[in-house]
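So the structure is just underneath, and the comments pick up after that.
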Amino acid sequence: MFDLNSLNPQQRAAVIHKDGPLLLLAGAGSGKTRVITCRIVHMIEQGIAPSNILAVTFTNKAAKEMRERVHEMIGQKNSKGMVVATFHSLCVQILKSHIDRLGFKKNFSIYGTSDQQRLIRDLLRELSSDSSSKDADQVLWRISAAKNQCLLPEQYKGDERDPFSLVTAHIYPRYQQSLKAFNAVDFDDLLLFGVRLFDENPDLLDHYRKRFRYQMVDEYQDTNPVQYRLLQQLAGGHKNLCVVGDDDQSIYAFRGADVSNILDFEKDFPGTKTIKLEQNYRSSGNILACANGIIKLNKKRREKALWTSDGNGADVEYILCEDSEDEARKVMERIHTEMARSNYQYGDFAILYRTNSQSRSYEEQLNYEEIPFVLIGGQQFFERKEVKDVIAYLKVIDNPTDEVSLLRILNYPKRGIGETSIDRIIRHSAEHNISLWKLLHHPEQVGEINERTCAGIYEFVDIIRRYRTQFSKSLPMDETLTQLMKELKLSEEIYRQEKDPQVAKRRIENQDEILNSMAYYLEQYDSPSLSGFIQRVSLNDDRPDKNDKEDKLESNSVTLMSLHSSKGLEFPVIFLVGMEEGFLPHKKSIYETFDIDEERRLCYVGITRARQQLVLLGARRRRKYGKIEQREPSRFLSEIPADRLVVYDKQLPESTPEQQEQSASNFFSNMSQMFND
DNA sequence: GGGTCACCAGTTTTT
DNA sequence: CTGGTGACCC
């Protein structure tokens, strides 16, 4: 039994609410995750079967965290049957059982971005020979956006003013046909197919509605139209849907998230009970005043104001620096003084910026000062080539119709199958409407394929077929995989390609990690299958606890990351750098998307990460693309209540606090004039 | 099939 | 100024 009295009145009301729609507007640092987990625990204690409870999150990390916290509170076996999943993994689970109703086979492959790029590039090549991967990205982006809007291929119409959309209108149907032929779906399809499945099969929908009598969605402000429809379907009938989110932290519009989902929730679900969580348990009063002051200027939002029962805490500071090096040095100085003055550790500091390229001067400076740091972000993690190569083998073994994966490994490691031969085979396959996999059994019928190449193809087909048999036996899968990797001589291949032996070693370790993943998977599941494993890996849900963000944060190092990655995290001391027009708000938002409010939310997210100290920095000038550029302070600085911000402008002579305040207010009146339009 | 050179573009990210 | 990509040559 947990103590309801440990919650504040609003939190308690949210936990106790049982039937009917509930909108929980949870400000930054208001104990949101705690409320969700308590709510689950409370429901179970009230006698609701765990298997009737569904909690949906956006990331595997959040799902894992929630699951673990529930387990901690009432034990794993008391919550057995409860489903805590990401939108994507939920849909995979549903599709695993029913995708045949959409004409796919159960062992479908899941295509990630690079698979999609490859497929679209190939489709574009068929259309015109001089298409670049740039074009493919443009088309891919539009297809993904269309799918996020629930637009099927036949519904997509190009726009004359956007040439790429015309290409997309052409490619999208072909792309979808190819996926079907390959028995593959992309990430967006996972959700879209879920929606389609329920649209076309009321019996299934009914089944899942009954199964998930109580539903919860975290970060609801990040839902896109497909996710919205899925929830509409699942919660239809009983309407026991609890959504949790913060419209002020909606920062993913660029990937289809629609704030109006959360803003209009009460309209969509009449009878909604709305609870606001505004008491903040994270930041000091000054920090909250800055955050509130900025965010209240957004036009479309729910009125909310964070407050704390603690004091004002340290001053929030703004330091105007000369250039990016100066900015980095100022941060270093500050880290040193804080560590000497209080007992902060390196892990207590985070440096946040708008664009990843801004991390550079900090990496250099931190290296120079020999301060340990971790850089979060980049994509390396999701796009590790060597990992994808092994996975491609598994995908083809499991599903030989997966032609993107097949083409990836057909000549990897090298077996003398050149590009020309591959082109000929692909053309023959298209012209005679024979699948690649079938055709590869008889490459000689293509003609113009020399003997050596044929031999290579036979070798390849033989490997895939042998391991297909091998994996279908009830032998331990990880042993079979070890054997496969050994036979393919993958590590030899990596050593041959990679000059730097250190890097080569790492890449081989990455490959070996797949084996660990598989062993872990085998431990976890009663009826493991190759398809199941691949689908898990494809959703990046494969690692027990290796090497993820969490791990990095525990290493007691200064953290460097983008504002987007910082959402959901907190640090005692935050440096929010690059507070300049062009960065925050980003220039694209000023001149192209015109969505300053989204940038303001981003700024708000950054500010509310800070627990004790918040230092804002910006530079007068910056080297950009080789040229020196004058910079203007971010307009958001002038939106902070002037009495809450202490400004340090190095060009001024040393001054008393009164003078500083004076110069601050001058500074702001200048700025607000500048941006008053 | 691999290496070199010129050219181009340069938010944000998860699944 | 960078890093990534594509064309071209050996």
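Atom set for the values below is all heavy atoms of this structure, side chains included, hydrogens, waters and symmetry mates excluded. Each chain gets a letter, A, B and so on, in the order its sequence line appears, and its residues count up from 1.
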Next item on the list: Assert yes or no for the condition that the ring centre distance of A:F198 to A:Y208 is strictly below 6.0 Å.
Entry: yes
Next item on the list: Could you tell me if the ring centre of A:F87 sits under 6.0 Å from that of A:F58?
Entry: yes
Calculate the interatomic distance between [X] atom [atom1] and [N] atom [atom2]; express it in whole Å.
| X | N | atom1 | atom2 | answer |
| --- | --- | --- | --- | --- |
| A:R125 | C:dT5 | CZ | P | 13 Å |
| A:F108 | B:dT15 | CZ | C1' | 13 Å |
| A:Q93 | B:dT15 | CD | C1' | 14 Å |
| A:K61 | B:dT15 | NZ | P | 10 Å |
| A:R360 | C:dG3 | CZ | C1' | 9 Å |
| A:E364 | C:dC1 | CD | P | 14 Å |
| A:F254 | B:dT13 | CZ | P | 6 Å |
| A:R622 | C:dT2 | CZ | P | 16 Å |

Check: Has A:H586 got its ring stacked on the base of B:dT11, with centres under 5.5 Å and planes less than 30° apart?
Finding: yes
Which nucleotide sits closest to the side chain of [X]: [options]?
| X | options | value |
| --- | --- | --- |
| A:T113 | B:dT11, B:dT15, B:dT13 | B:dT15 |
| A:Y625 | B:dG10, B:dT12, B:dT13 | B:dG10 |
| A:H564 | B:dT15, B:dT12, B:dT11 | B:dT12 |
| A:K414 | B:dT11, B:dG2, B:dT13 | B:dG2 |
| A:T59 | B:dT14, B:dG2, B:dT13 | B:dT14 |

Next item on the list: Looking only at non-hydrogen atoms, find the nearest pair between A:P585 and A:I596 and report the distance.
Entry: CB-CD1, 4.0 Å
What is the nucleic acid contact for [X], judged by heavy atoms within less than 4.0 Å: base, sugar-phosphate only, or nothing?
| X | result |
| --- | --- |
| A:Q116 | nothing |
| A:F187 | base |
| A:N411 | sugar-phosphate |
| A:K627 | nothing |
| A:F583 | nothing |

Item checked: First of A:E419 and A:T593 reached from the 5' end of DNA chain B, by closest nucleotide -> A:E419
Note to self: Both A:D188 and A:K587 contact DNA chain B. Which one's nearest nucleotide lies toward the 5' end?
What the structure shows: A:K587
With a 4.0 Å limit, can you tell me whether [X] has a side-chain N or O closer than that to the phosphate oxygens OP1/OP2 of [N]?
| X | N | value |
| --- | --- | --- |
| A:N356 | B:dT12 | yes |
| A:S565 | B:dT13 | yes |
| A:N60 | B:dT14 | no |
| A:S562 | B:dT13 | yes |

Note to self: I need the A:R424 CZ to A:T453 OG1 distance, nearest 0.5 Å.
What the structure shows: 9.0 Å
Item checked: Syn-anti status, with the boundary at 90° from 0, for the nucleotide B:dT12 -> anti
Item checked: C:dG6 to B:dT11 separation - C1' atoms, rounded to the nearest Å -> 25 Å
Margin query: If I pick the P atom on B:dT13 and the same atom on C:dT2, what distance separates them, to the nearest angstrom?
Written below: 22 Å
Next item on the list: Look at the rings of A:F187 and A:H88 and say which category their plane angle falls in: under 30° parallel, 30 to 60° tilted, over 60° perpendicular.
Entry: perpendicular
Note to self: So that I can tick it off, tell me whether A:D389 and A:R408 are bridged by a salt bridge, with the cut-off set at under 4.0 angstrom between side-chain N and carboxylate O.
What the structure shows: yes
Item checked: NZ/NE/NH1/NH2 to OD/OE distance under 4.0 Å, A:E629 and A:R621 -> no
